[in-house]
> 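Please see the structure below; I have some questions.
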Amino acid sequence: MRQDWVELTHEEIDTCAATEFLRHPGAGALALFLGTTRRFTGDRETIRLEYECYESMALAEMRRLVQAAKARWPLPRVCVIHRLGRVPAAQTSVLVGVASAHRATAIQACQYLIDTLKKDIPIWKREFYADGSTEWISGGSPSLGPEA
């Protein structure tokens with residue numbers, strides 16, 4: 001059985017399957033982060049998000065990130081799934097999960113993974129607002145964004 005699940009998908013993220021994947025006899029803790037599309041950002045109503053990336057580069061960087069986390073903490077299982085394309089309000093855009101022997105380690109590793117993914121992985125997000133406007137939100141390597 002694989003120890004890591006790293007994926008980019010255009011489909012809805014199956015949070016139940018990810019949770020089951022993370023279960024491990026050596027793990028006393030599972031930490032799971034779900035990033036979802038929120039309806040309002042400040043006073044602006046968001047209709048949907050759209051994500052784009054250079055898939056082979058993003059996957060390679062996601063795998064590198066998982067290996068960095070596993071070098072730092074003892075994690076028998078790690079799951080990182082990011083959705084691409086359209087993501088309506090209330091749906092999951094990103095899932096990060098870890099299995100660890102102890103909760104503190106699981107929580108720290110999960111936070112490291114999501115924070116670093118949002119900062120370093122070249123995945124770009126565009127917000128579509130109810131007033132018809134759109135906005136690219138920076139993330140990953142800005143110099144590699146869709147406008148470049």
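Everything quoted here is computed from the prediction, not taken from an experiment.
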> Sequence neighbours left out, cut at 3.5 Å: what donor-acceptor pairs do the side chains of residues 85-93 make with other protein atoms?
{"residue": "Arg86", "atom": "NE", "partner": "Glu50", "partner atom": "OE2", "Å": "3.2"}
{"residue": "Gln91", "atom": "OE1", "partner": "Arg83", "partner atom": "NH1", "Å": "2.6"}
{"residue": "Gln91", "atom": "OE1", "partner": "Arg83", "partner atom": "NH2", "Å": "3.2"}
{"residue": "Ser93", "atom": "OG", "partner": "Tyr51", "partner atom": "OH", "Å": "3.3"}

> Write down the atom of Cys53, the atom of Trp124, and the distance for their closest heavy-atom approach.
CA-CZ3, 3.4 Å

> Identify whether Ile107 and Leu32 are in the same connected component of the hydrophobic contact network (ILVMFWY, side-chain heavy atoms under 4.5 Å).
no

> Heavy-atom distance under 4.5 Å between the side chains of Leu59 and Leu8, does that happen here?
yes

> Calculate, to the nearest 0.5 Å, the distance between atoms CD and NZ belonging to Glu52 and Lys125 respectively.
13.5 Å

> For the CH2 atom of Trp73 and the SG atom of Cys110, what is their distance to the nearest 0.5 Å?
10.0 Å

> Return the CE to CD distance between Met62 and Glu55, rounded to the nearest 0.5 Å.
10.0 Å

> Compare every heavy atom of Ser100 with every heavy atom of Pro74, then report the nearest pair and how far apart it is.
O-OG, 3.7 Å

> Answer whether the closest heavy-atom distance between the side chains of Leu65 and Asp120 falls below 4.5 Å.
no

> Could you check if a side-chain atom of Arg77 sits within less than 4.5 angstrom of a side-chain atom of Leu30, using non-hydrogen atoms only?
no

> Please examine the side chains of Glu127 and Thr41, heavy atoms only from C-beta on, and report whether any two atoms are closer than 4.5 Å.
yes

> Mind checking whether Gln3 and Phe21 have side chains closer than 4.5 Å, heavy atoms only?
no

> Working to the nearest 0.5 Å, report the span between CZ of Arg63 and CD of Glu7.
10.0 Å

> Got a sec: does the OH of Tyr54 have more than 12 other heavy atoms crowding it under 6.0 Å?
no

> If every non-hydrogen atom of Ala69 is compared with every non-hydrogen atom of Leu75, which pair is closest and at what distance?
O-CD1, 3.9 Å

> Would you say the side-chain atoms of His102 pair up with the backbone N or O of Ala104, donor to acceptor, closer than 3.5 Å?
no

> If I compare all heavy atoms of Ala31 with all of Ala106, which pair ends up nearest, and what's the gap?
CB-O, 3.4 Å

> Should Leu113 and Val98 count as side-chain neighbours, where that means a heavy-atom distance under 4.5 Å?
yes

> Quick check: do Val66 and Val80 have side-chain heavy atoms less than 4.5 Å from each other?
yes

> Side chain to side chain donor-acceptor pair (under 3.5 Å) between Arg126 and Thr134: does it pass, once the steps are laid out?
CA-CA 7 Å; Arg126 189 173 187 182; Thr134 68; 2.9 Å; yes

> Is any NZ, NE, NH1 or NH2 atom of the basic residue among Asp4 and Lys70 found under 4.0 Å from an Asp or Glu carboxylate oxygen of the other?
yes

> Using the rule given for side chain to side chain contact (heavy atoms under 4.5 Å, CB included), can you reason through Ile47 versus Arg39, listing the C-alpha separation, both sets of side-chain angles and the distance that settles it, and then say yes or no?
CA-CA 7 Å; Ile47 300 302; Arg39 175 64 74 189; 4.1 Å; yes

> Give a yes or no on whether a salt bridge exists between Glu135 and Arg44, defined as a side-chain N under 4.0 angstrom from a carboxylate O.
yes

> Are more than 12 heavy atoms, taken from residues, nucleotides or ligands other than Glu45, located less than 6.0 Å from that residue's CD atom?
yes

> Would you check if Trp5 and Ile81 make a side-chain contact, meaning some heavy-atom pair closer than 4.5 Å?
yes

> Could you tell me the separation between the CG atom of Leu49 and the CZ atom of Arg38, rounded to the nearest 0.5 Å?
8.0 Å

> Donor-acceptor check, side chain of Ser133 to backbone of Tyr129, threshold 3.5 angstrom: yes or no?
no

> Work out which heavy atom in Ile121 is nearest to a heavy atom in Ala58; give both atom names and the distance.
CG2-O, 4.0 Å

> Let me check something: do Ile123 and Phe128 share a hydrophobic cluster, defined by ILVMFWY side-chain heavy atoms less than 4.5 Å apart, either directly or through other members?
no

> Near Arg64 CZ, under 6.0 Å, is it more than 12 heavy atoms from other residues, nucleotides or ligands?
yes

